[in-house]
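Below is one structure, written out as structure tokens; comments come after it.
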Amino acid sequence: MAFGRLTWERLAAAGQAYLARRWQRLLALRQHLRLSEDAIHIALAVAIGLVAGLTNFVFFGATELIKWLTLNRLGDLTEIAEGLGPWTRLAGPALGGLVAGLALHWGLRVVGTQGSTNLLEVVVAGDGRLPFRTTGIKSLSSLISIATGASIGREGSLIQLSATFASQGGQRLRWPPYRLRLMVACGAAAGMAAAYNAPIAGAVFAAQIVLGNFAMNLFAPLVCASVSAAVVSRSFFGIEPWYTVPDFNFTSLTQLPWFVVLGAASGTLGALFLKMLRWGETLFDRTGWPIHIRLAAAGLVVGSLAIQVPEVWGNGYVVTSRILGDEGIYSTLFVLALLGAKLVATALTVGAGTVGGVFTPTLFLGAAMGSLFGHGLHALGMADALPAGAFALVGMGSVLAATTRSPLLAMIIVFEISLNYSLMPALMLACAVGTLVGRSLHPASVYTEPLQRKGLFVETESARLGAAIERTVGDLMLAPVAPVRETTPLQEIGKRFLTIPNNYLPVVDARQRLVGVVSLHDLKGHLNAGEELRAVIALDIMRPPPPCLTPNQRLQDALPVLLSSEMRNVPVVNNLFEFRLTGALSRGEALRLFTDAIAARQAARD
């Protein structure tokens, strides 16, 4: 027995000696095997893309199931509406809106108050946390609305679901805010790519619209998420282009001026569409009706229009295909009436609060505008070499550019959904003109206007050279220092300071708004207190809130706050109006970046 014990002790000693000699080599090997942060982000992005592709398939199947249960038919809603009687066309969207509204009304009451579901808001002014239960209720409502004829697109819900799944995974793994925000953007990119089979457009959408940053460490994960989502979707739905345009060759310089005019007209239509969306929202807000009555009323208007124009049902995919094909199915006057009806139907549907997207309806409006423009030129004996479908395709991109303020995104997605490269020069020109005209008539985009109404400033472009690669506070933001409530006793505050390295503790109210800070230095005046110490709470000793940062601030703009702050971790709030505590920025880390940048610039000069 003693011999065995001695043998084990010798073996253990020998093992310890071996490890002592080899530990440096083992540490180096571990360092080589450890994945870099960029590699981790790419692996996560691929997984998010796979989930988004499957989500697209499930969402499509659920929509078809609801169509079969409610209308006893499958397929595109326009074709379904054309085969129904006038009373069914009227009742379908109205009853669907009522049920979808009730799902929202009761569902949101059951889940209670959660955080914002606006993915742009949680990226621009938040920590990347999207609530799952609220998103689930809204997605159910969206499914019902889409399947019963609402004038809305399904891409919005797909993007939201994909981004929420990404955010929820990160929350469960306790990822820091900067990674959560990136993963939300990856979910948005994957949702867009899966919805339109457009991986390039998905990545550009997330980089430009969601993150506002094309830095490679951010763009590479977006690309990976988009590619994996698109490939998964293709395995279910094939690789055929969404829209088909008649063959033609665009080679004449003299044809370009027509597309400048079309771009200006598209910019005007895009601004009008945005104003009508705002008008529809204002109209329903003034009524004071509950959400289910609002959605039912909007559905009733869509149904009333569908009695004469059944093409207003749904997102308009089939109608857009017919317009692009230029097969003579619709007369010019009917396309004009259809354009007006779709404008009204979509504005009221969105204004009422229906959950969904306006991307595909915008493409519909652009195709109708382009078709009218092309047929008008043909009626005047001009531009006969170009089919009206060519003008319709360019109109799709230019109206989209006018509403999103992103000509690059519009060019890419129109190319990807049509696979027509011949019109790219004309498309580029019209998108640029449409964006400039639309911006001059309506400054906010379809994505930034809701945020601006909340007091959030969204900087989408900058005159500074290299603004696309500048880092923001949100890129470096950490989880906030765990706050205390206003009513926290002084004894508990003292115990908290003993367990953390921070010299300040943030104080928040019941709504997580930053109302002040408690300094470690301020506790010294209460060290000799007796029984009266029990009556002292955070509200009695806290200081007013210090200058704070917001996630969308450029680091360069945050420099004055960083230099003047006495805090190791400067508080980050969602915006300077609500002042809800969102995160913290390490003052030392941020200043180190400035020091490194200055040193690098000085070295380059030397």
Side-chain angles (χ1 to χ4, degrees), residues 116-126 128 130 135 138 142 152-164 181 184-193 195-196 198 201-214 222 267 269-278 280-281 346-347 349-351 353-363 365-366 397-413 431 434-435 438-439 441-462 468 472 474 551-552 574-575:
S116 173
T117 57
N118 187 316
L119 66 91
L120 278 182
E121 183 176 349
V122 303
V123 170
V124 171
L130 286 168
T135 299
K138 291 188 173 183
S142 179
I152 203 81
R154 71 187 186 98
E155 72 286 340
S157 295
L158 281 174
I159 292 171
Q160 186 69 42
L161 276 171
S162 301
T164 300
R181 295 165 76 245
V184 167
C186 286
M192 173 69 78
Y196 290 103
V204 171
F205 168 78
Q208 187 169 23
I209 302 297
V210 180
L211 288 179
N213 198 322
F214 275 96
L222 302 180
L269 177 61
L272 174 63
F273 182 45
L274 293 177
K275 290 181 184 298
M276 289 190 67
L277 291 177
R278 181 68 183 274
E281 186 174 348
T346 306
T349 299
V350 175
T354 306
V355 182
V358 295
F359 217 89
T360 309
T362 302
L363 295 176
L365 297 174
S398 51
V399 173
L400 184 63
T403 56
T404 61
R405 304 292 189 268
S406 176
L408 177 61
L409 172 63
M411 298 171 201
I412 291 174
I413 195 166
C431 287
T435 302
R439 186 174 61 180
L441 297 175
H442 192 85
S445 76
V446 68
Y447 296 112
T448 60
E449 186 165 13
L451 300 185
Q452 290 182 359
R453 290 204 298 269
K454 289 186 175 182
L456 301 176
F457 174 69
V458 183
E459 184 179 7
T460 56
E461 57 186 26
S462 174
T472 65
N552 61 321
N574 65 327
N575 60 67

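Under the side chain to side chain contact (heavy atoms under 4.5 Å, CB included) criterion, A201 pairs with A198, L409, I412, I413, E416, sequence neighbours left out. Under the ring-ring contact (aromatic ring centres under 6.0 Å, His included) criterion, F273 pairs with no residue, sequence neighbours left out.
Put simply, the side chain of S162 never gets that close to the backbone of A188: no donor and acceptor are under 3.5 Å apart.
Annotation for F359 and M192: closest pair CE1-CE, 3.8 Å, computed over non-hydrogen atoms. For V184 against G128, the heavy-atom pair with the smallest separation is CG2-O, 3.4 Å. Closest of all the heavy-atom pairs between T362 and L400 is CG2-CA, 3.9 Å. Residues L441 and G267 share a closest heavy-atom pair of CD1-O, 4.5 Å. For the pair G356 and S157, the tightest heavy-atom approach, listed with the atom from each and the gap, is CA-OG, 4.2 Å. The heavy-atom pair separating N574 from P551 by the smallest distance is O-CD, 4.0 Å.
Contact of the I152 side chain with the T346 side chain is not registered, since no non-hydrogen atoms from C-beta on lie closer than 4.5 Å. Contact check for R278 versus E449: side-chain heavy atoms found under the 4.5 Å cut-off. Side-chain contact between T360 and E155 is present, with at least one heavy-atom pair separated by less than 4.5 Å. Using a 4.5 Å heavy-atom threshold, the side chains of Q160 and L119 count as touching. Counting heavy atoms from C-beta on, the side chains of T404 and S445 never come closer than 4.5 Å.
T448 OG1 to L120 CG: the interatomic distance, rounded to the nearest 0.5 Å, is 8.5 Å. Remark: M411 CE to C431 SG distance equals 5.0 Å, nearest 0.5 Å. A distance of 9.5 Å separates CE in M276 from CG in L365, rounded to the nearest 0.5 Å. Between atom CG of residue N118 and atom CG of residue L130 there is a gap of 9.0 Å, rounded to the nearest 0.5 Å. For the atom pair CG (L269) and OG1 (T403), the distance works out to 9.5 Å, reported to the nearest 0.5 Å. Expressed to the nearest 0.5 Å, how far OG of S142 lies from CG of L158 amounts to 8.5 Å.
Ring orientation note: the planes of F205 and Y447 are nearly perpendicular, at an angle over 60° on the 30°/60° scale.
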